[in-house]
Enquirer: 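Could you have a look at this structure, given as structure tokens, before my questions?
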Amino acid sequence: MVDGTWKTPSFPKKKKTAACSNESGQPLDKKAAVSWLTPAPSKKADSVAAKVDLLGEFQSALPKINSHPTRSQKKGFQKKSSKKNHPQKNAPQKSTQAHSENKCSGISQKLPQKMVAIDCEMVGTGPKGHVSSLARCSIVNYNGDVLYDEYVLPPCHIVDYRTRWSGIRKQHMVNATPFKIARGQILKILTGKIVVGHAIHNDFKALQYFHPKSLTRDTSHIPPLNRKADCPENATMSLKHLTKKLLNRDIQVGKSGHSSVEDAQATMELYKLVEVEWEEHLAQNPPKD
């Protein structure tokens, strides 16, 4: 302290010395000269860094795999799938309606292949010709094409040819097919098919045959057909009347007698007018054999 003030003493300046040299006398870097400022590298850190680099390379080489969904994602997925699998309440009703429509359309598609129409003409045999015996049989398919049309020779003596109605004459029996042979041919066609006829029980009786009721369609006992003709539902209308009323065609005209082919074709055409409605009715109310 001099004259009441503090003064710092001046120190002599040191000359800058060259960097220290190693034992060999070569100069060292500044970093090397101040070794205490730069810490030595850690071997442990180097090994960890190397492992991290190797792990990164290994993971990049692996194929990408979708991560597993979380629980919340799973729940959301299940809800979506349940909505897809369980449609609205109205859907079952629509599906049942579509199923019934498909069923009806399926029935109508199968019917033409398995449906035939038959008509028979009879002559009188037995005492006073009161027994009706088969003398002609005609069978047509769904389109009216003739599948079978033969004169049939009854096993008994013919007393009355009933030509006015049957159209059968004596000359028709000359080369007629014997009843047993004709019956076998006819049943071979009818078996397993839906058979349409008018008052068909008379034809089956002449054939000495019983056809399943579930496969029988009698146009003389179909109420919708009578309604279309403006006739009482429970009335038994003649084939001639229904054909004239609904098909606007005349059959069984003249003194030459009936044509079984013409009658079978008319019967099939009449049935086709109510086919869909009547088949649906029978599907809901199947007849018992």
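In this chain, numbering begins with 1 at the start of the sequence shown.
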Enquirer: Between the side chains of Lys240 and Asp250, is the shortest nitrogen-to-carboxylate-oxygen separation below 4.0 Å, so that they form an ion pair?
Expert: no

Enquirer: Testing Asp119, Asp263, Leu242, Thr243 for side-chain contact (heavy atoms from CB on, under 4.5 Å) with His198, which one passes?
Expert: Leu242

Enquirer: Does one hydrophobic cluster hold both Leu246 and Met268, with members joined at side-chain heavy-atom distances below 4.5 Å?
Expert: yes

Enquirer: Is it possible for you to say whether Leu239 and Leu247 belong to one hydrophobic cluster, with membership spreading through side-chain heavy-atom contacts below 4.5 Å?
Expert: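 As far as the 4.5 Å side-chain criterion goes, Leu247 and Leu239 are connected within one cluster.
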
Enquirer: Hey, could you give me the CG/CG distance between Leu134 and Asn202, rounded to the nearest 0.5 Å?
Expert: 12.0 Å

Enquirer: Which pairs with one or both residues in residues 205-238 pass ring-ring contact (aromatic ring centres under 6.0 Å, His included), sequence neighbours excluded?
Expert: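 Every pair satisfying ring-ring contact (aromatic ring centres under 6.0 Å, His included) with a residue in residues 205-238: Phe204-Tyr209, Phe204-His211, Tyr209-His211.
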
Enquirer: Hydrophobic cluster membership, with links at side-chain heavy-atom distances under 4.5 Å among I/L/V/M/F/W/Y: are Ile251 and Leu270 in one?
Expert: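 Linked, Ile251 and Leu270 end up in one cluster.
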
Enquirer: For Ser166, check side chain to side chain donor-acceptor pair (under 3.5 Å) against everything at least two apart and list the hits.
Expert: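 If we apply the side chain to side chain donor-acceptor pair (under 3.5 Å) test to Ser166, skipping adjacent residues, there are no hits.
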
Enquirer: May I ask you to decide whether Glu121 forms a salt bridge with Arg162, counting only side-chain N to carboxylate O separations under 4.0 Å?
Expert: no

Enquirer: Just wondering, do Pro223 and Trp278 contact through their side chains at under 4.5 Å, heavy atoms?
Expert: yes

Enquirer: Show your reasoning for whether salt bridge (charged side-chain N to carboxylate O under 4.0 Å, His left out) applies to Glu279 and Arg217.
Expert: CA-CA 10 Å; Glu279 290 298 330; Arg217 307 291 185 265; 2.8 Å; yes

Enquirer: Dump the intermediate steps for side chain to side chain donor-acceptor pair (under 3.5 Å) on Arg136 and Ser260, then the final yes or no.
Expert: CA-CA 8 Å; Arg136 185 183 179 186; Ser260 54; 3.2 Å; yes

Enquirer: Do Val146 and Val195 share a hydrophobic cluster (ILVMFWY, side-chain heavy atoms under 4.5 Å, transitive)?
Expert: no

Enquirer: So, for Pro287 and Leu282, which heavy atoms are closest and what is the spacing to 0.1 Å?
Expert: CD-CD2, 4.2 Å

Enquirer: Can you list, by chain and residue number, the hydrophobic cluster partners of Tyr161 when the side-chain cut-off is 4.5 Å?
Expert: Val123, Tyr151, Leu153, Ile158, Ile168, Met173

